[in-house]
J.: 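Below is the structure I would like to discuss, written out as structure tokens.
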2 protein chains.
Amino acid sequence: MREVTLKHIAEILEISVATVSKALKDYPDVSPKTKKRVKELAETLNYKPNSFAVNFRTRESKTIGLIIPEVVHHFFSNVIKGIIAQAEKKGYLVIILQSNESYQLEKKQLDLLVSKRVDGVLMSLSNDTANYKHINDVLDRDIPLVLFDKTAKLINCSKVIIDDRKAAFIATEHLIKSGCKHIAHFRGPLLPLNSIDRFLGYKKALETYDIKYNPSLVFTCNDVTFEEGFNFTQELINTQSNVDGLFAVSDLVAIGAIAKLNELKIKIPDQISVIGFSNWFMSSAITPSLTTIDQPGYLMGKKAFKRLFKEMTKIRKKQPFKYKTIELPTSLVIRNST
Amino acid sequence: MREVTLKHIAEILEISVATVSKALKDYPDVSPKTKKRVKELAETLNYKPNSFAVNFRTRESKTIGLIIPEVVHHFFSNVIKGIIAQAEKKGYLVIILQSNESYQLEKKQLDLLVSKRVDGVLMSLSNDTANYKHINDVLDRDIPLVLFDKTAKLINCSKVIIDDRKAAFIATEHLIKSGCKHIAHFRGPLLPLNSIDRFLGYKKALETYDIKYNPSLVFTCNDVTFEEGFNFTQELINTQSNVDGLFAVSDLVAIGAIAKLNELKIKIPDQISVIGFSNWFMSSAITPSLTTIDQPGYLMGKKAFKRLFKEMTKIRKKQPFKYKTIELPTSLVIRNST
DNA sequence: GATTTTACCGATAACGTTTTCGTAAATTAA
DNA sequence: TTAATTTACGAAAACGTTATCGGTAAAATC
């Protein structure tokens, strides 16, 4: 039982392979009659083009690569979903790789994708990526690459992001406007731009509202986990008795904080207001429900693919294009924790 | 700037393309000297085999497909992670598609993967898949396919599963042994085997311990969400005043139940004991922490790929093999909700 | 009736790799 | 020395598709 090829159809119909190929692709120089004959036979024989041959010939795989720091993550899951959905609409498949927040792995994965000849790459930087040569190498080869969420200013390519600084500003401002004077911040790791920006947004808000920045109110979550939120809250309460607000770098950390505050019977928001970041579905489920910043993961995935798609078509047609940074809106979701 | 090919190397070294190819793959009929020459030049020219050509020629893509009902799901995320990790070790890439719990989509995605000529397929059935022709078609084409987690008895292929019935039995038994007499069950949808089995395990435990099965203690969660757990708990409390235990089909549902019980100031586990299913990381984080059944997602992904890999090699070598069902152990994780 | 145009089809090359088979040279055995 | 064997390489085909370039016949135009 061999696979049915163009040759088989050609032999049965006693025409050439070339004509069969052209008939199936609706070339103008094939008569309607032969087109019909070919298409009908292809249908009944259940002809499926050999995509290996097509890839080889057209030098396109209709697949893109996606490198993400961590698959088991609510925000990234949503991004993945958005990417896959959009890619499918355009007939693209998505190969997913995980960098585990490691620069070395990220580099290796990128190499792998390039050697597999994907048509484009979507990626979010790992936390310890400080060198961008591997990415520039890909761009230099004219392989479209779009960064999302975790990006770097020094990489010259298209990006899909949110304005972390502004969002953090709004979050902190919301705490201030609800009366908080001593606002703590559980920030993310030192390196990725996001946590820096969120930290800066926090600082900016304090400054704007004439609140003195107090470094001992800032804790750094290296892993951004529930436990960190939980433990740092204990430490915070122990050392900073007058704290009345908390802005956490992510909902998970905020939920950890809430768990500890509940345990300590500290009233939220009466004694301390808490705001998170991301709008994870659990944040509306816990008690008290968590005020947060909505970060549109699904949309980000969708937009990132759309942008990549545009660049892939431009490159295929050898048309010039400019890199673009797409900024997605975030919104403040007010619930019971503030 | 063309891509460097075997031909280029051959021309520079004034030998044939065939020899270059063989030298790079360490064929025995190439002298050590030429091998060395070829390999060194390949290295300096940074030769990378054109994988389109390789795929075409060898009829292998070194990629597998993965169809999953829902990407944004803690358990499946872990499975994905396990699959990707293991696949990478063996030099395979993974294309991920999502069926959205729809039979039609699942069928379409499977077709897509087959036409893309993946070397194998890993999948977990959608909730409304009751017809298995599309899957049998794939198996008939000698494309290895392994099912995991959500499977069906009528499909004859390898599977990686847990014993849902036994696990549910143990969960219910645990409630009984901690003194519960009137145990409710928030079950999953009617169709997938898992929720049926978990329901049957629940019933079996009641039977074993001479507790009369009461259908009005069973609620069906069609979407298996937090909200369902939350709302059914209200209904449960309203209608069944003597209920003292709850076995939920998933941690998320159980956490919804706990949220409602907390709201109603019903003491857990004093008045009602609650047990979930999956051991989602949040279940250790909430108050009270949730007793649950640990379901090894990462391991399942790993094992599923391993099995698929074995079948792929068998098929390539045209060696016969038998389908195998691999059952992974689960464990009872006792926390504060029971 | 001669010429040009149009419609339709096929021969052929090409993509880069792998693998089979043949053969010349080198080595060993007789 | 001759015959048999081994070693080392190359020629060539093949995988299935797409695209270019002609060519022939019919139709249209002059």
Side-chain angles (χ1 to χ4, degrees), chain A residues 1-39 41-42 45-63 91 114-117 119 316-318, chain B residues 1-39 41-42 45-63 91 114-119 141 316-318:
Chain A
M1 277 303 284
R2 294 291 301 171
E3 210 75 44
V4 33
T5 68
L6 292 182
K7 200 175 168 186
H8 295 140
I9 298 180
E11 278 167 3
I12 296 174
L13 259 35
E14 293 184 318
I15 55 177
S16 78
V17 175
T19 310
V20 177
S21 171
K22 285 187 282 191
L24 288 173
K25 315 203 99 196
D26 270 328
Y27 271 54
D29 64 340
V30 178
S31 72
K33 296 157 236 159
T34 28
K35 272 185 190 170
K36 188 156 174 289
R37 290 208 308 149
V38 170
K39 284 179 180 175
L41 185 59
L45 291 184
N46 193 26
Y47 166 78
K48 295 269 190 291
N50 181 324
S51 70
F52 289 161
V54 176
N55 289 347
F56 180 40
R57 176 63 223 223
T58 61
R59 304 171 160 280
E60 273 191 340
S61 57
K62 292 279 181 189
T63 18
V114 170
S115 71
K116 269 280 172 178
R117 286 178 153 71
D119 297 343
R316 186 157 12 98
K317 295 182 186 167
K318 299 199 187 297
Chain B
M1 278 301 285
R2 294 291 302 172
E3 210 76 44
V4 32
T5 69
L6 292 182
K7 201 175 167 188
H8 295 140
I9 298 180
E11 278 168 2
I12 295 174
L13 259 33
E14 293 184 316
I15 55 178
S16 77
V17 175
T19 310
V20 177
S21 172
K22 284 188 283 190
L24 288 173
K25 316 203 98 197
D26 270 328
Y27 271 53
D29 64 339
V30 178
S31 73
K33 297 157 238 161
T34 28
K35 271 185 190 169
K36 189 157 175 286
R37 290 209 306 150
V38 170
K39 283 178 180 174
L41 185 59
L45 292 184
N46 193 26
Y47 166 77
K48 295 267 188 293
N50 181 325
S51 70
F52 290 161
V54 176
N55 289 346
F56 179 40
R57 175 62 221 226
T58 61
R59 306 173 157 280
E60 273 189 341
S61 58
K62 293 279 181 187
T63 15
V114 169
S115 72
K116 268 280 172 177
R117 286 178 152 72
V118 291
D119 296 343
R141 284 181 186 232
R316 186 157 13 98
K317 296 181 186 169
K318 299 200 186 298

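First the proteins, then the strands, lettered A, B, ... as listed; each starts at 1.
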J.: Report the distance from atom NZ of A:Lys36 to atom NZ of A:Lys39, rounding to the nearest 0.5 Å.
T.: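 So the gap between those two atoms works out to 11.0 Å.
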
J.: With the side chain of A:Thr5 defined as its heavy atoms from C-beta on, choose the nearest nucleotide among D:dG16, D:dC9, D:dA8.
T.: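 The listed nucleotide nearest to A:Thr5's side chain is D:dG16.
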
J.: State which residue, out of B:Val38, B:Leu24, B:Val20, fulfils the side-chain contact (heavy atoms from CB on, under 4.5 Å) condition with B:Tyr47.
T.: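 The side-chain contact (heavy atoms from CB on, under 4.5 Å) with B:Tyr47 is passed solely by B:Leu24 among B:Val38, B:Leu24, B:Val20.
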
J.: Could you list where the contact with chain B starts and ends along DNA chain C, reading 5' to 3', using a 4.0 Å heavy-atom cut-off?
T.: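 Nucleotide range with atoms under 4.0 Å of chain B: C:dG16 to C:dT20.
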
J.: Base, sugar-phosphate alone, or nothing: which one does A:Pro28 contact when heavy atoms must sit under 4.0 Å apart?
T.: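 Nothing, no nucleic acid heavy atom in range.
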
J.: Expressed in angstrom and rounded to an integer, what is the separation of B:Lys7 atom NZ from D:dA11 atom P?
T.: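 In whole Å, D:dA11 P and B:Lys7 NZ are 13 Å from each other.
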
J.: Please answer whether the main-chain N or O of B:Asn55 pairs with a side-chain N or O of B:Ser61 as donor and acceptor at a distance below 3.5 Å.
T.: no

J.: Look at the side chain of A:Arg57 and the base of D:dA19, then say whether one donor and one acceptor between them are separated by less than 3.5 Å.
T.: no

J.: Please report the distance, rounded to the nearest Å, between CD in A:Glu60 and P in D:dT18.
T.: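 Taking atom P of D:dT18 as the reference, CD of A:Glu60 is at 12 Å.
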
J.: Would you find more than 12 non-hydrogen atoms of other residues, nucleotides or ligands less than 6.0 Å from B:Arg141 atom CZ?
T.: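 Counting neighbours around CZ of B:Arg141, 12 or fewer heavy atoms of other residues, nucleotides or ligands fall under 6.0 Å, so no.
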
J.: Base, sugar-phosphate, or nothing for B:Lys25, non-hydrogen atoms under 4.0 angstrom?
T.: sugar-phosphate

J.: Closest nucleotide of DNA chain D for B:Glu14 versus for A:Tyr27: which of these residues is on the 5' side?
T.: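 Closer to the 5' end of DNA chain D: B:Glu14.
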
J.: How would you label the contact of B:Ser21 with the nucleic acid (heavy atoms, under 4.0 Å): base, sugar-phosphate, or nothing?
T.: base

J.: Out of D:dA11, D:dT18, D:dG16, which has the shortest distance to the side chain of B:Ala18?
T.: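 Of the candidates, D:dA11 comes closest.
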
J.: Start at the 5' end of DNA chain C and walk down; is the nucleotide closest to B:Asp29 or to B:Thr58 reached first?
T.: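 In this pair, the answer is B:Thr58.
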
J.: Can you tell me how far P of D:dT18 sits from CZ of A:Phe52, to the nearest Å?
T.: 15 Å

J.: Tell me whether A:Glu3 is salt-bridged to B:Arg59, with the criterion being a basic N under 4.0 Å from an acidic carboxylate O.
T.: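 The answer is no: the pair does not qualify as a salt bridge.
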
J.: Kindly indicate whether the side chain of A:Ile15, heavy atoms from C-beta on, has any atom under 4.5 Å from the side chain of A:Arg37.
T.: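 Contact flag for A:Ile15/A:Arg37 side chains = yes.
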
